[in-house]
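Side-chain atoms are counted along with the backbone in the values below, which use heavy atoms only and exclude waters and symmetry mates. The model shown is predicted, which means the values in this text are computed figures rather than measured ones. Sequence positions, counted from 1, serve as the residue numbers for this chain.
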Amino acid sequence: TVTPDEDGVKFTNTYDAKGEKGFGGSKKIENRKFVEGDSFTFTLEASQGGKLPVKREKSATGEEVDVEVSSVTITPAAGTDTASIDFGTIKFDRAELWNNTTKQYEAKEYTITIKETAESIEGVTYDTHEETVTVNASYDETTGVVTVEVTPDEDGVKITNTYDAK
């Protein structure tokens, strides 16, 4: 039995559009293969108030939560010369694209700069160039879809070190 109050029966539906896009890159070493114990760390920095990617991790209570990624460390498989890097996932919901001043949804664009941290593996010259990816997020009011795009430069996110046996 439904008994309305003085305002009648009300049904309220909520809708929260979300969009996400994962991105990664590759790590290569020239003139040798990766060996047991090799590890490489990369830092990420968002420009213009942009968001960093997140990864799902278990909290102290065992609950799955999104954790912001400002650095990534990989340990490549020994005997290979190329490894994949998972930088995480950029996530937006439509509320983050709302502009209270203009009272409309506005696309966001910013960059994420990726740098390798020089470690101390003997004979390895570390890649010092910076990789940049462009993030675009938008909400289409007609379709109700949040779109997130992550675009690297023309060669993708490729970080290469060189080994020189002295």
Notebook entry, point to check: Does the side chain to side chain contact (heavy atoms under 4.5 Å, CB included) test come out yes or no for Thr132 and Asp153, once each step is laid out?
Noted result: CA-CA 7 Å; Thr132 302; Asp153 60 18; over 6 Å; no
Note to self: For Ile74 versus Ala83, what's the shortest heavy-atom pair and its separation?
What the structure shows: CD1-CB, 4.1 Å
Check: Just how far is it from atom CD1 of Ile114 to atom CD1 of Ile85, taken to the nearest 0.5 Å?
Finding: 8.0 Å
Check: Knowing that exactly one of Glu116, Glu30, Lys28 qualifies, which makes a side chain to side chain donor-acceptor pair (under 3.5 Å) with Asn161?
Finding: Glu116
Margin query: Regarding Thr73 and Thr41, do their side chains bring together a donor and an acceptor under 3.5 Å, going by distance alone?
Written below: yes
Note to self: As an exercise, state the distance from CD of Glu154 to OG1 of Thr151, rounded to the nearest 0.5 Å.
What the structure shows: 12.5 Å
Notebook entry, point to check: Who are the ring pair (Phe, Tyr, Trp, His ring centres under 6.0 Å) partners of Phe42, not counting sequence neighbours?
Noted result: none
Notebook entry, point to check: Are side-chain heavy atoms of Thr162 and Ile29 found at a separation under 4.5 Å?
Noted result: no
Note to self: Cation-pi check for Phe92 against Lys108: NZ or CZ below 6.0 Å from the six-membered ring centre and within 45 degrees of the axis, yes or no?
What the structure shows: no
Item checked: Atom NZ of Lys158: over 12 foreign heavy atoms under 6.0 Å -> no
Check: Is atom NZ of Lys21 surrounded by more than 12 heavy atoms (other residues, nucleotides or ligands) closer than 6.0 Å?
Finding: no
Notebook entry, point to check: Any side-chain heavy-atom pair from Tyr139 and Glu96 closer than 4.5 angstrom?
Noted result: no
Next item on the list: Taking atom types as modelled, find out whether Thr111 and Ser47 have a side-chain donor-acceptor pair closer than 3.5 angstrom.
Entry: yes
Check: Does the pair Glu68/Lys51 count as a salt bridge with the N-to-O cut at 4.0 Å?
Finding: no
Note to self: Are Asp38 and Glu119 packed together at the side-chain level, in the sense that at least one heavy-atom pair is separated by less than 4.5 angstrom?
What the structure shows: no
Notebook entry, point to check: Is any side-chain heavy atom of Val135 closer than 4.5 Å to a side-chain heavy atom of Ile112?
Noted result: yes
Item checked: Closest heavy-atom pair and its distance - Ala118, Tyr126 -> CA-CG, 3.9 Å
Notebook entry, point to check: Ile159 versus Glu131: any side-chain heavy-atom pair under 4.5 Å?
Noted result: yes
Check: Closest heavy-atom contact between Lys27 and Phe40?
Finding: CE-CD2, 3.6 Å
Margin query: When you group the ILVMFWY residues by side-chain heavy-atom contacts below 4.5 Å and let the links chain together, are Val67 and Val72 in the same group?
Written below: no
Checklist line | Shortest non-hydrogen contact from Lys33 toward Gly79 | finding: CD-O, 3.4 Å
Margin query: Between Tyr163 and Phe34 (judged by ring centroids, cut-off 6.0 Å), do the two rings come close enough to count as a pair?
Written below: no
Check: Are Phe23 and Ile90 side-chain neighbours, meaning at least one heavy-atom pair lies under 4.5 Å?
Finding: yes
Next item on the list: Answer yes if the side chains of Glu106 and Asn99 hold a donor-acceptor pair under 3.5 Å, and no otherwise.
Entry: yes
What side-chain donor-acceptor pairs closer than 3.5 Å can you find for residues 53-60, not counting sequence neighbours?
residue, atom, partner, partner atom, Å
Lys55, NZ, Asp86, O, 2.8
Arg56, NH1, Asp66, OD1, 3.0
Arg56, NH2, Glu64, O, 3.1
Ser59, OG, Thr61, N, 3.3
Ser59, OG, Thr61, OG1, 2.9
Ser59, OG, Glu63, N, 3.3
Ser59, OG, Glu63, O, 3.3

Margin query: Using a strict threshold of under 4.0 Å (side-chain N to carboxylate O), is an ion pair present between Arg32 and Asp164?
Written below: no
Notebook entry, point to check: Which atom pair, heavy atoms only, marks the closest approach of Leu52 to Ala46?
Noted result: CD2-N, 3.7 Å
Next item on the list: May I ask you to test the Thr147-Asp140 pair for a side-chain heavy-atom distance under 4.5 Å?
Entry: no
Item checked: N/O donor-acceptor pair under 3.5 Å between Ser39 side chain and Thr75 backbone -> no
Item checked: Set of residues satisfying ring pair (Phe, Tyr, Trp, His ring centres under 6.0 Å) with respect to Tyr110, sequence neighbours excluded -> none
Note to self: Give me the atom names and distance for the closest heavy-atom approach of Gly24 to Val157.
What the structure shows: O-CB, 3.8 Å
Item checked: Validation row: Glu109, Thr134 side chains within 4.5 angstrom (heavy atoms) -> yes
Item checked: side chain to side chain contact (heavy atoms under 4.5 Å, CB included) evaluation trace for Leu97 with Val146 -> CA-CA 9 Å; Leu97 301 170; Val146 173; 4.1 Å; yes
